[in-house]
Structure formats: structure tokens, C-alpha cells
Amino acid sequence: MTSAKIYRLALGLGAVSLLAAACTATDKKSQEPVASPTASASGQVSFWHFFTGREAEAIDGVVKDFEASHPGITVKVSKGQDDEKMRQAISAGKGPDVGLSYSTDIVGNFCTSGAWRDLGPYIKRDNVDMNQLVPVVRSYTEYKGTRCSMPVLADTYGLYYNKKLLADAGYTEPPKTLSQLAEMAKKLTTHKTNGDINVIGFMPFLDYYENSPAHWAPHWAATWFDQAGKSAVASDPAWSAMLTWQKQLIDYYGSDKLTKFSAGKGDEFSAANDFERGKVAMMLDGEWRIAFINADKPNLDYGTAPFPAADDKQNLYGGGYVTGNIIGISRGSDNPEAAWELIKYLTTDTGAIVKLANGIKNVPTTHAALTSPDLQVDDKFKTFLDIFANPNSATSPSTANGAEYQNLFGTWIVKWQTGRATDLQAGLESVAKQIDDSLALGTGS
Amino acid sequence: MTTLVRPATDERVVPPARARKVPAPLRKKRRRHRLFVAALMAPWAIGFSVFFLYPLAATLWFSFTRYNLLEQPVFIGLRNYRYFFTQDPYSLQAVRNTLWLTIFVVPARIIFALLIAQLVIQIKRGGNVLRTVFYLPALAPPVAATLAFTYLFNPATGPVNQLLGKVGIGWQPLWFSDPALAKPTLLILSVWGLGDVMVILLATLLQVPNEQYEAAHLDGANAWQRFRYVTLPNIWPVLLFAAVTGVIAMLQFFTQAAVASAVAGGTAPVGGGLGERLGYPDNAMLTFPIWMYVKGFANFQLGYACAMAVMLFVVSMAFTVVLLRRSRVFLYGAEEA
């Protein structure tokens, strides 16, 4: 075969491939109408979730209860599945019947793209009372009128403090304002002989464990987007106030010392967690930490409280960041009716919700479960139930690009906190532009 | 030296049209032969089309679309490419990081591999043991090796800094946690695992004819001249192979940088996926393929990621072509190249 023929053949194959690629449709299975109310669901349901270890065992327990109460349905559970895998599987038409995500950030994308089915018809058919859900939870599980997900427990964030370390430093109460937090953090910090930090009062780096702009935002009432849908990180002075407060505390410690301390931190979800080891006196974390401490360090003397609020916004005290696990039916589901039965059970059955909440120490999302006598509530957990009910609690908005706006901000903040960016306002404006540009690319606006 | 010179005029005789007519049985035989050849080539052609050409064409097509994996792609012309060059805040940094790794890691691996191969060849007793020792790191899976390195170089708890402290060196680098040192630490990791390059260079060095060294020695060549005029020309094709494959590998450098940034960053990406935490610290380990992955799978911009993949493909091709052409000039001189 001559070179010319080979080139022609390659060119022809390339053209055909390009045409095939252009004509390839993604799996866009249209949603079948829901079955009649009298039809009973049966068969196997595949169920992916992200939990592992002890938390996965709690899920298994509730799933077993479901199978016992729904004899025609069997559930095949896959643990440790993250959002990226689920998205790829759904796009390939191999998604699970039921998917559980930890992040409300994906709701916008999954609802608008149809990756998760619209649950509206099922809810309407089965007369599911949506008012049984707490309002904030109702809001973050739907996007622009499309309800493609239901809540499976919620997460709230508050302050954990080591009572012994605070008592040693002469404190009997946790801080309520950010200036108190900074002051106590300095006094609670101890150093090694070589000058390195041994125990830190409060770690101000925003990429340390659960510290993040989103989780801090409610305590300054910082907003992500303005009315026009443009990034507000430069225009809302709350962000600037937050980062100024943070930088002052970083400068007190020294960025290099904090970096070194942070580099030596233990695994977040293990007994090596810095708070559990007594290396951090005060820390922002979710309510699930209670279950981890119970399992890892049951003798740790600690307390929980709402995270301090900005000094000039004390009315915010008591609120916190709220998010939650969400669950939906993949668009390629082979057994959507049985999948819906599982979702309905996990999200509206009081017994199931309470059992799961007790098992992994998450906050229930229905009024009935929140007030259930079976819900195990001690003082530490009650703090989070109160934060959950507080009107100043807030969540982060969902966008077509998922949580990219948070990641872009977080990336710049690393420069800020390590001193590689010094002009705060210019930096915030640059981040706002990055967020707007990327959103425009993702949405075509 | 004789030179073949083509005649000024083409004196070939063009046969009359009738004479070119091939008899039917012969035509049939030729067609059958062509079909036979095509049948033999079919497995390759199918594999090439399905596993290379189609994905390449699909990537090219998606690069002109807004595509998030879940919805139908929407044609947006060159917008993805425009965004890359004018708006993406981290594309340039990702390119710079990848270029840094390419420029420093590839030569470092080859030079050190060559030095070690030369060293091992000289050692008569225990040489085989040393070969094994130097080759062993290449067998370690990249993820495991990187995990081990993040432990060794942990600035707070790792043995490297403890050792530095014990021998009286006050300098306590932050290694993977320092934006200025993260890439050099990756370089150390890459050089540690140079066994694969060392083995092929060792094999090549053993093939260099001894007579050439003896002749050079008789001519009074010193060690450097023997290396420059005997060793280097003999091993040049293998060095070139190592350079081309090394450059391509570095342009696609992902695993080690991803694992190191995720582990040194320290926060477990619970449920969200790996894309959440890559690039740490301060995007010092954000290589081009990592940014491509983040945009495609964490930020749902697969069309944009495809545009980046197309650019990576073009750059890889260009690198390879330039490298091959340059080496031909070096080997055979400009005239023949």
C-alpha cells in the first residue's frame, strides 16, 4: 500500500470517527411515567453511598430493615463511592438505581442535567408530605423548582473545645465572639523547645480539616452571589472582614509554623485527628465528630458550642453552616419504582431516620425524627440540633459548576494565608472574576 | 563517492493505454490478494479506529462543545480554547509546572541513570546485587512510592527532617508543603525510581564493542574523550528513546503529583472525589493533566477538558517530532537529516 493510500485511509477513518463522535448521543433516557399507586415495587436495587467503616455498617443496618419490611426488594449496597465516580457511571448509563451524595453542591447540576430523576411525580403520587422536612433542608434538595433529591440526614457545624486544655488556661466557657476566640487561641497555644507549635489554640488556616470559606461564612453572614448571580466575594465586605481576622491570627503564629503544624496533622477521620489527640484546643467540625470521639477516644473531656460570630454581628451567634447528604434516582435506573421505595424509606420513615441518626450521629431532617423520643440526644449533640434549628444557619448555593466557586476561592486563600498574596481587595476581585468567567463557560451565559 | 544523477528529461516510456489493460483473471487475483491483505490488517484497523482514532476524534469534537458528561454537548466553537488562553486562572500555572517537570526531571533521570549504569558496570564483585538494588524502586507502584515519600518528607513527623535535625542542620524544609520545594521533592521521587531507564542504558552500555575503547585508548583518548567519541554515539539511540518517552511521560505526569498533593494537603476528600484537593500547595503540584482532570470531573467542564487534551496531544507530538529531527541533525549532520 502506498503512502498516499495510507494517508487517504487514515484521513477517511478520521473523518468517519469525527462524524461518529459528533453524532454520539449521551445517555439521555427520558423519564418513564410513574406506575399507578396500587402497583407494588419489587426486584433488585443498586445503592451507592460514600460512607465507609463504622458509618457504612450503620447504613447496612438500616438497609436490612428496609429489606425486611419490603420482602420483594433486595438492595445491593456499594460503599465508598464518590460523586465523581457516580457522575461518570450515570453518563455511561451504568449509574446506580439509588445514589447518595455527601454534597448539596451537586444538586443544581444533577437536577438541571437530569442525571437524577425528577422525584416530583413520585412524591405527588404517594402524597408524601414535604412539610415534614425542615425548611432549610427542603431548599437545598431542590433546584429552581425541580426536586431531584431527598435529604438523608443533615450536617451542622459548630465549635469543639477541649475542656481540660481550656481549664488549664483558666477558661470555663467557650468563646462567643471572634475576638474572644483569637485571644483564647493565643493563650491556649504551647510551643516545643525548638519553637514549633506543640498544641494550637485554634488553627486559622482555611484548608485545615473542616475549616473552609463555606463553613466559616455564616458566622460573618458572608454571601457567595449577588442578586444578579455574580460572585459577591469582592463586593460583600463580610469576606474581607473574615480574611482580615484570619490573617491577624496567622501573623501571630507565623505562616511557616502553621504550615509545619498542618503538615504533621493526623488523618481527619481516625483516632489520629488532632483534636482527638489533644493537639488542638478548639476546632470547627461537624456533629459527626461526636460519634468518632465516642469510638476513638471515649474519655476525651470536651464540649460543643456554636462557633463564635463576628464581633459586630453577635445576632448571628447560635447559627452555623448546614448541609446534608442527598439521595436520588439515576436517570438510567432499571428499577425506579423500587429505588423510590428505598428513598422514601430512608428519608421519611421516622424509625429509619432515627436509627441512622443515632448510628452515625447526624442530624435528622424531619420534624418527627427531630422530636422522636428514640433519638439519642446528649448535651453535646443538642448543640448541633440547636444550630440546625437556628434561623441564622445557612448553606452554600448550588451552581452548574458544582463547588468550583468555592475551590477557586480556596485556592486564592492559600496564597493569602501564606503571605504570597498581600492585596486583599485586588485578590478578591480577581477571584470574583474567575468565578464569573468559569460560570459563564459552564452555563453558556 | 559516486553520485546518482537523475537524467534531465524523463525518458521512461509510457505504455499505450491498451497495453495497460490487465487481463480479467489477473485482476481477480489481485483483488483477492488485496482482500486477503485487508483481512489480515483488519484486526489492527479495527483496534486502531476504536481505541485510538475514535477517542481522538471524539475528544476533538467535544473540545468545541460545552459538555458536562450528563447533557447533550452544545457546539460553542473556539470558546474553550479562548477561555484557556485568556481567562483560565490556572492554565498557565499548570503549563509552567509541567514544563518545569519536563525540563528538570527528564534530564535528571537520564543523567543519573547513566551515571549509575556506568558505575554498576565497573563494579566486578557485587555488581548484580547493585543492579537489583537500583532497579527495585522502579517496581514500586507509583501510588505506594509517593505515599512512602510523603511520609519520609513530612516536615513535622518525617524521618528526613528528624535526621537533618540530628546531624545539626537547622534547616527544616517543608518539602511537599512548600510551594517552592514541592516540585523539587517530586524530582527526588522521580530520580529515586529511575531503575527502568538505568536497565536499558545498562544493556546498551554492555553492547558497546570493547575494540572501540581499546582503539581509542591506543590513540591516547582520555576517559572523557572515550565517553564522548565511543560511548555516546553508541548509546545515543537509546538515550533518545529515553528522552522521548520521558518527555511524553512528564507531559502526562499525574499520579505522583495527585497523590502527593492529596496526602500533603491532608484533608480527606470525603465523598467528593479526588478532584477536590489537587494542586496543593498553592497549586505548585498542579500539572497540566491534573488541571484537565479537575476541570473535567470535578468542575463538570468536560468540553473544556477535551480542549486541554487536544492541546496536550499537539504539544506531545510537536515535542516528539522536534526531538527526533534535532537528534537526526546531531547524529548524521544537517545535510543528510
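First the proteins, then the strands, lettered A, B, ... as listed; each starts at 1.
The aromatic ring centres of B:Y81 and B:F64 sit less than 6.0 Å apart. B:F254 has its ring centre no less than 6.0 Å from the ring centre of B:W291.
The candidate from A:Q406, A:M86, A:R420 with the greatest count of non-hydrogen atom pairs under 4.5 Å with chain B is A:R420. With chain B as partner, the option from A:K85, A:Q88, A:H49, A:K433 having the largest number of non-hydrogen pairs under 4.5 angstrom is A:Q88. Comparing A:G80, A:A115, A:G264 by how many heavy-atom pairs each has under 4.5 Å with chain B, the most go to A:G264. Contact tally against chain B (heavy-atom pairs below 4.5 Å) for A:S430, A:A263, A:A403: the top residue is A:A263. Annotation: maximal heavy-atom pairing with chain B below 4.5 Å, among A:I413, A:T411, A:T399, occurs at A:T411.
Two residues are said to be in side-chain contact when any heavy atoms from C-beta on lie closer than 4.5 Å; A:D207 and B:Y280 meet this criterion.
For B:Y83, the part lying under 4.5 angstrom from a heavy atom of chain A is the side chain only. Contacts between B:Y304 and chain A at a heavy-atom distance below 4.5 Å involve the side chain alone, from C-beta outward. Of the atoms belonging to B:N299, heavy atoms from both backbone and side chain fall under 4.5 Å from chain A. Residue B:N283 touches chain A through its side chain alone, counting heavy-atom pairs closer than 4.5 Å. Neither the backbone nor the side chain of B:F52 comes within contact range of chain A, judged by heavy atoms closer than 4.5 Å. In this structure, chain B has no heavy atom under 4.5 Å from any part of A:L100. When heavy atoms are compared at a cutoff of 4.5 Å, A:F110 approaches chain B solely by way of its side chain, counted from C-beta outward.
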query = A:N198 and A:K279: side-chain hydrogen bond (donor to acceptor under 3.5 Å, both in side chains), yes or no, with the steps?
reply = CA-CA 7 Å; A:N198 182 34; A:K279 303 298 281 182; 2.8 Å; yes
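No side-chain N or O of A:T259 forms a donor-acceptor pair with one of B:S177 less than 3.5 Å apart. Using modelled atom types, one finds a donor on one side chain and an acceptor on the other under 3.5 Å when comparing B:Q301 with A:S438.
A salt bridge links B:K295 with A:E404: at least one charged nitrogen is closer than 4.0 Å to a carboxylate oxygen.
Listed for the A:D267 side chain is no donor-acceptor partner under 3.5 Å among the backbone atoms of A:A272.
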